[in-house]
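Computation of the quantities below employed the complete heavy-atom set of this structure, encompassing side-chain atoms and omitting hydrogens, waters and symmetry-equivalent molecules. If you're wondering where the values come from, they're calculated on a predicted model, not measured in any experiment.
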Amino acid sequence: AIFIFLSGAVMLAIPERSRTTFHLGMFFLSASVLAGAFAAAHAAYFEGAVYHRYLTVIGTLAAEAHVAQFLLYFPNNRPLKSARVLLLIQYLIITAVLAYFALATRTVERMFFSGAHLWDFDADLISEQVGRVILLFALIYIIIGIYRAVKLRGAERWLCLGLLLAFISTSLVPGILNLLSRAGAL
């Protein structure tokens with residue numbers, strides 16, 4: 001979590017950074033919230049550690065929103081009104097999902113899951129619904145990444161595809177596994 005945070009902080013500290021660099025830095029900061037929440041949850045063996053889930057929702061969705069932005073601006077950093085509108089919409093969705101999750105979990109049982117070594121809400125249906133939003137955000141950046149790869153030429157195309165595959169491996173695969181786990185398939 002610390003290394004991811006520092007990676008983001010370094011990118012955001014670059015003077016006159018591009019929008020591409022800004023959004024990659026924001027991706028790292030958001031991912032550090034997610035990693036930090038899980039690190040704290042696994043280190044804390046008291047019921048209050050259950051609230052790490054709020055941070056995981058924010059961290060995951062914000063990271064995926066900034067991946068979409070990164071891919072929209074990569075590699076030539078052109079100004080896009082549609083990118084700003086998409087980011088606004090995604091942040092409104094993040095706020096709504098977090099509010100829904102917080103309200104829906106305020107009265108559910110908190111349980112220690114020994115297999116995962118952490119406290120969590122006994123709220124599989126609610127968590128599955130949030131997981132679907134996470135996969136939707138991943139689908140958005142995958143579509144954007146494929147679109148950008150089609151539009152780009154030469155080495156930039158392959159770099160875009162390589163970055164897209166890296167982002168997919170860090171969010172889509174865990175997101176699918178999370179949903180399967182919530183459904184009892186894993």
Side-chain angles (χ1 to χ4, degrees), residues 1-14 17-44 49-75 77 83-84 86-99 101-102 116-121 127-146 148-149 159-182:
I2 295 169
F3 177 77
I4 300 169
F5 173 80
L6 291 174
S7 297
V10 165
M11 290 188 172
L12 294 178
I14 296 172
R17 68 188 165 272
S18 67
R19 283 185 174 95
T20 308
T21 303
F22 171 78
H23 288 293
L24 189 58
M26 289 300 294
F27 161 76
F28 281 123
L29 288 183
S30 300
S32 74
V33 169
L34 174 66
F38 275 121
H42 285 285
V50 73
Y51 295 105
H52 80 280
R53 289 294 307 282
Y54 297 158
L55 295 176
T56 63
V57 170
I58 294 169
T60 303
L61 291 173
E64 290 184 341
H66 286 286
V67 168
Q69 294 296 305
F70 171 83
L71 292 168
L72 281 168
Y73 286 111
F74 178 83
N77 200 42
R84 290 189 298 275
L86 175 62
L87 186 61
L88 175 65
I89 290 169
Q90 285 186 299
Y91 266 94
L92 289 172
I93 292 170
I94 291 167
T95 304
V97 167
L98 179 62
F101 188 73
H117 301 286
L118 57 76
W119 282 89
D120 200 352
F121 295 109
S127 295
E128 181 182 331
Q129 292 166 339
V130 172
R132 290 182 188 282
V133 176
I134 290 169
L135 288 181
L136 173 65
F137 273 42
L139 182 62
I140 290 169
Y141 81 70
I142 290 168
I143 291 169
I144 290 168
I146 292 170
R148 294 293 296 140
L159 184 55
C160 181
L161 284 172
L163 290 167
L164 179 59
L165 287 174
F167 289 130
I168 287 171
S169 71
T170 61
S171 68
L172 183 63
V173 173
I176 290 170
L177 292 174
N178 180 47
L179 274 181
L180 289 173
S181 172
R182 298 284 174 194

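A donor-acceptor pair under 3.5 Å links the side-chain atoms of Ser169 to the main chain of Ala166, judged by distance alone.
Here the shortest heavy-atom pairing between Phe137 and Leu61 reads CD2-O, 3.5 Å. Nearest heavy atoms, Leu71 versus Cys160: CD2-SG, 4.3 Å. For the residue pair Ile142 and Leu164, the shortest heavy atom distance occurs at CA-CD1, 3.9 Å. The heavy-atom pair separating Tyr73 from Ala83 by the smallest distance is OH-CB, 3.6 Å. Shown here for Ala63 and Ser30, the closest heavy-atom pair between the two residues is N-CB, 3.4 Å. Nearest heavy-atom pair, Glu64 versus Ile134, reported as atom, atom and distance to 0.1 Å: OE1-O, 2.7 Å.
The distance from the CD1 atom of Ile168 to the CG atom of Leu163 is 11.0 Å, given to the nearest 0.5 Å. Distance check, rounded to the nearest 0.5 Å: CZ of Phe28 to CG of Leu12 gives 10.5 Å.
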Side chain to side chain contact (heavy atoms under 4.5 Å, CB included), that's the test. Do Ser127 and Arg53 meet it? Break it down for me. CA-CA 9 Å; Ser127 295; Arg53 289 294 307 282; 3.1 Å; yes
For side chain to side chain contact (heavy atoms under 4.5 Å, CB included), just list the numbers for Phe121 and Phe101, CA-CA rounded to whole Å, side-chain angles, deciding distance to a tenth of an Å, and then say yes or no. CA-CA 10 Å; Phe121 295 109; Phe101 188 73; 4.1 Å; yes
CA sep, side-chain torsions, deciding dist, call: Ile176, Leu135, side chain to side chain contact (heavy atoms under 4.5 Å, CB included): CA-CA 7 Å; Ile176 290 170; Leu135 288 181; 4.0 Å; yes
Checking side chain to side chain contact (heavy atoms under 4.5 Å, CB included) for the pair Leu72/Arg19: CA distance, chi angles, key distance, verdict? CA-CA 10 Å; Leu72 281 168; Arg19 283 185 174 95; over 6 Å; no
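With sequence neighbours excluded, no residue forms a ring-ring contact (aromatic ring centres under 6.0 Å, His included) with Tyr141. Every residue two or more places apart in sequence or in another chain that forms a ring-ring contact (aromatic ring centres under 6.0 Å, His included) with Phe74 is listed here: Phe70. Among residues two or more places apart in sequence or in another chain, the side chain to side chain donor-acceptor pair (under 3.5 Å) test is passed with His23 by His66. Here Arg17 pairs with nothing under the salt bridge (charged side-chain N to carboxylate O under 4.0 Å, His left out) rule; sequence neighbours left out. Partners of Phe38 under the ring-ring contact (aromatic ring centres under 6.0 Å, His included) rule, at least two apart in sequence or in another chain, are His52. Ser32 pairs by the side chain to side chain donor-acceptor pair (under 3.5 Å) definition with nothing, not counting sequence neighbours.
Gln69 places none of its side-chain heavy atoms less than 4.5 Å from the side chain of Ile144. Side-chain atoms of Leu98 and Ile58, non-hydrogen and from C-beta on, do get closer than 4.5 Å to each other.
The number of heavy atoms from other shown groups lying within 6.0 Å of CG (Leu92) is above 12.
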